[in-house]
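Notes to accompany the following structure.
For the numbers below, each heavy atom of this structure counts, side chains included, while hydrogens, waters and symmetry mates do not.
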Amino acid sequence: MPTYPIDAFKGKCENACMFLREKSRTKDGKTHRYWSVVENHRIGGGRVVQRQVLYLGELNDNQRAGWVRTIEALWGEKSQAKQLALFPDDREALPAMACESIRVQLDKIELRRPREWGACWLGLYLWDMLELDKFWRQRLPSSRKGTSWLNMLKALSCYRLIDPGSEFRFHREWYLRSAMGDLLGEDYSLAQKDKPYRCLDLLLEHRDELFVFLKGQWGNLFGAKYDVLLYDLTSTYFESDPPPAGSGSKKRFGYSRDKRSDCVQVVVALVLTPEGFPVAYEIYPGNTRDTATLEAFLDRIEKQYGKFRRTWLMDRGIPTEDMLEKMRSRGIDYLVGTPKGHLTHVEKPLLEQSWIQARESVRVKILQQESEFYVYVESHDRVAKERSMRRRRLKRLWVSLRELRNRKSITRDDLLMHIGALKKEAGRDFGLVRISLPNPQEPVNEHTFHFSLDRERLRRTLRREGRYLLRSNMQAASPETVWESYLLLTRIEQAFKDLKGSLSIRPIWHQLEKRIEAHIFVSFLAFCLHTTLRNLARGRATGLTSEAILEKMSNIQMIDVHLPTTDGRHIVMSRHTQPDKDVSLLLAHLGLSLPEQPPPKVYASGQIGL
């Protein structure tokens with residue numbers, strides 16, 4: 001069994017050493033010297049991590065010399081891996097062995113520090129699959145004190161992927177409950193509470209370079225194409241105070257897609273490929289209108305990736321008429337949804353067109369104009385869905401209005417408040433009911449308060465049920481292609497769900513503008529790992545989501561097995577548990593194999609906190 005002997009004061013790895021460190025302080029004209037026992041760990045990448053073992057305070061010359069002799073006596077020669085033969089402690093006579101023989105006290109074996117290993121290992125596997133070390137190694141060098149910012153970024157990205165939370169929670173709780181330190185070859189010093197924040201401060205300047213790097217990786221790994229791009233916006237809010245008036249902060253009150261109008265927010269614009277691979281993102285002030293973001297983003301994509309005949313897919317409300325005209329003049333193809341109010345302008349000429357069957361349950365009408373064309377789509381499945389939803393809302397509204405009318409004692413003011421709540425609940429369907437309210441000072445009864453269905457408006461609504469209008473200038477595109485392309489917008493909607501759900505980009509607790517954007521940047525990196533896992537499963541384990549795979553892998557734990565010996569030493573074996581049958585099947589489908597178990601270590605008596 002290969003082992004790594006550890007001296008009596010530290011769990012040393014190869015090339016580790018221990019020494020006395022002096023710190024001086026001058027007070028009232030007198031210099032005081034304070035001494036500590038400090039250990040060095042030389043780990044991966046040639047880095048050195050230091051840890052204070054003992055604080056000794058002020059020492060005289062004899063005391064200092066005594067500590068030096070003790071360290072030299074206990075340190076010995078540089079440790080090397082060697083073979084050990086383990087036997088139970090009740091074995092009286094030990095056979096002659098070519099290696100050292102040790103008796104283990106079997107009745108005192110202990111299992112300690114269970115921690116999550118499988119999901120952490122998978123997160124780092126995805127990181128290596130994207131070859132992100134190649135991008136970040138030169139851009140995130142280690143600090144003068146030996147802190148590996150690259151490992152810090154790996155840990156933060158995997159944390160955001162596996163069990164997202166605040167950076168303070170990462171320091172206080174998650175790092176110790178995970179095997180991230182074991183996998184990265186780091187100790188707890190990596191999770192000191194200031195280091196996650198200091199790491200965030202180093203990231204943003206490399207954002208645009210990362211976009212270019214990822215474009216190549218998506219193409220190499222999955223054959224991603226960039227002739228069609230999806231563009232949409234969302235908002236994310238903060239648990240923080242509003243910025244002072246007149247500041248240039250991006251934290252602003254605005255239209256909240258999270259229904260948190262009481263919180264300041266920022267707007268996040270995201271570009272994806274049709275397969276869901278992230279291309280770029282941008283952060284705007286929280287009060288930015290959707291229509292004000294598109295032109296700058298088009299210029300940015302052309303500057304980064306060059307001019308190309310790309311097709312942009314967008315939902316309604318993002319491009320304006322002027323912006324669509326500019327896109328046509330620049331030779332940019334687009335496919336956008338159209339607000340339902342615009343349908344009235346083209347409804348009459350559309351009535352003259354015949355329906356074309358695009359799919360079994362989908363038919364379309366085409367209206368060609370000078371520089372673009374309209375596609376009017378009717379989906380039978382969507383008709384049934386919208387009709388069912390509208391019927392339920394109208395039924396609830398009708399029942400509630402009857403209950404209000406039949407109440408024996410209700411004032412006009414209370415009635416108005418209840419109707420306001422019903423209007424919010426019913427949404428647009430509230431306009432399908434005509435309501436007559438009592439005048440001020442009139443009682444509320446069936447004569448002063450009555451309601452009826454607006455049948456003409458309902459008929460107009462039913463005619464447009466399950467139908468929507470698309471607008472495009474795509475050349476030589478069939479109606480089926482246009483409709484199927486527009487459905488790809490569900491990918492970017494799912495991306496926002498992943499960012500806000502599985503990856504918990506919200507809420508944000510940071511106050512500094514730079515760290516707010518860096519927090520979103522780390523969430524973007526975690527989304528890249530999430531996307532890599534989803535596409536890995538798509539080709540090998542169809543039907544499984546990234547969340548389901550991570551949940552299964554989290555069942556693989558790491559645990560420390562402590563074997564006390566009869567001579568006072570402790571053999572510590574850090575072991576990850578064997579996967580269950582379902583996890584083994586999953587690993588086989590994904591083409592993954594777990595690494596070998598780490599080698600055991602031998603600690604001298606009193607070295608580890610037992």
Side-chain angles (χ1 to χ4, degrees), residues 207 211 214-215 218 224-237 250 252 254-260 265-302 304-305 310-321 323-324 326-327 332-340 342 375 377 382 468-474 482-506 517 520-521 523-524 526-528 530-531 534:
R207 188 188 67 166
F211 294 158
L214 287 174
K215 177 178 180 291
W218 300 135
K225 305 295 183 183
Y226 300 92
D227 51 346
V228 177
L229 295 178
L230 285 60
Y231 180 77
D232 204 354
L233 301 100
T234 190
S235 59
T236 182
Y237 63 89
K250 292 183 179 180
R252 287 287 182 266
Y255 170 68
S256 175
R257 295 162 177 84
D258 304 319
K259 302 188 185 301
R260 288 299 304 270
Q265 63 177 21
V266 293
V267 172
V268 181
L270 181 65
V271 176
L272 301 179
T273 68
E275 296 83 11
F277 298 112
V279 176
Y281 76 92
E282 189 56 81
I283 301 173
Y284 298 99
N287 57 357
T288 303
R289 293 179 293 109
D290 292 356
T291 56
T293 64
L294 181 57
E295 185 171 9
F297 221 109
L298 292 176
D299 295 338
R300 177 179 172 179
I301 293 297
E302 285 191 354
Q304 281 189 339
Y305 306 117
R310 296 185 182 90
T311 300
W312 287 80
L313 274 61
M314 295 166 282
D315 208 351
R316 61 179 182 268
I318 295 179
T320 61
E321 289 292 335
M323 191 63 236
L324 291 177
K326 290 181 181 179
M327 294 178 71
I332 300 175
D333 290 344
Y334 59 82
L335 171 59
V336 300
T338 305
K340 288 190 175 182
H342 191 78
V375 180
V377 183
R382 188 163 176 173
Y468 48 95
L469 188 64
L470 308 180
R471 188 176 182 180
S472 178
N473 65 340
M474 296 166 58
V482 173
W483 172 68
E484 290 176 351
S485 297
Y486 186 72
L487 293 182
L488 293 174
L489 281 177
T490 57
R491 296 280 173 83
I492 202 165
E493 293 173 0
Q494 183 60 45
F496 287 141
K497 288 181 181 178
D498 292 337
L499 281 169
K500 294 183 177 183
S502 304
L503 306 178
S504 295
I505 192 175
R506 62 182 184 186
E517 298 195 24
I520 297 175
F521 180 76
S523 299
F524 176 81
F527 179 66
C528 292
H530 189 277
T531 302
R534 185 185 67 241

Between [X] and [Y] (side chain of the first, backbone of the second, donor and acceptor by atom type, cut-off under 3.5 Å), is there such a pair?
X      : Y      : value
Ser235 : Ser256 : no
Trp218 : Pro278 : yes
Glu282 : Ala269 : no

For this session: Could you pull out all residues at least two apart from Lys215 that satisfy side-chain hydrogen bond (donor to acceptor under 3.5 Å, both in side chains)?
Result: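 By the side-chain hydrogen bond (donor to acceptor under 3.5 Å, both in side chains) rule, Lys215 matches no residue at all.
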Shortest non-hydrogen contact from [X] toward [Y]:
X      : Y      : answer
Leu272 : Val279 : C-CG2, 4.2 Å
Leu214 : Cys528 : CD1-SG, 3.6 Å
Thr531 : Phe277 : CG2-CD2, 3.7 Å
Val267 : Pro285 : CG2-O, 3.6 Å
Ala280 : Ile301 : CB-CD1, 4.3 Å
Asn287 : Arg252 : N-CB, 3.6 Å

If you round to the nearest 0.5 Å, how far is [atom2] of [Y] from [atom1] of [X]?
X      : Y      : atom1 : atom2 : answer
Met314 : Phe297 : CE    : CZ    : 12.0 Å
Asp290 : Thr320 : CG    : OG1   : 11.5 Å
Leu324 : Ile332 : CG    : CD1   : 11.0 Å
Tyr334 : Leu313 : OH    : CG    : 12.5 Å
Leu233 : Leu294 : CG    : CG    : 9.0 Å
Leu270 : Thr234 : CG    : OG1   : 9.5 Å

Exercise. When you look at Trp312 and Val336, which way does the side chain to side chain contact (heavy atoms under 4.5 Å, CB included) test go after all the steps?
Worked result: CA-CA 8 Å; Trp312 287 80; Val336 300; over 6 Å; no
Exercise. Checking side chain to side chain contact (heavy atoms under 4.5 Å, CB included) for the pair Val271/Phe211: CA distance, chi angles, key distance, verdict?
Worked result: CA-CA 11 Å; Val271 176; Phe211 294 158; over 6 Å; no
Problem set entry | Thr236/Val266 under side chain to side chain contact (heavy atoms under 4.5 Å, CB included): CA gap, chis, key distance, verdict | CA-CA 6 Å; Thr236 182; Val266 293; 3.7 Å; yes
Exercise. Given side chains that start at C-beta, do those of Tyr231 and Leu298 come closer than 4.5 Å, heavy atoms only?
Worked result: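 No; the side chains remain at least 4.5 Å from each other.
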Problem set entry | Cation over ring face, Arg207 and Tyr281, 6.0 Å, 45° |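 Checked: cation-pi criterion met.
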For this session: Check the pair Arg382, Val377 against side chain to side chain contact (heavy atoms under 4.5 Å, CB included), reporting the backbone distance first and the verdict last.
Result: CA-CA 10 Å; Arg382 188 163 176 173; Val377 183; over 6 Å; no
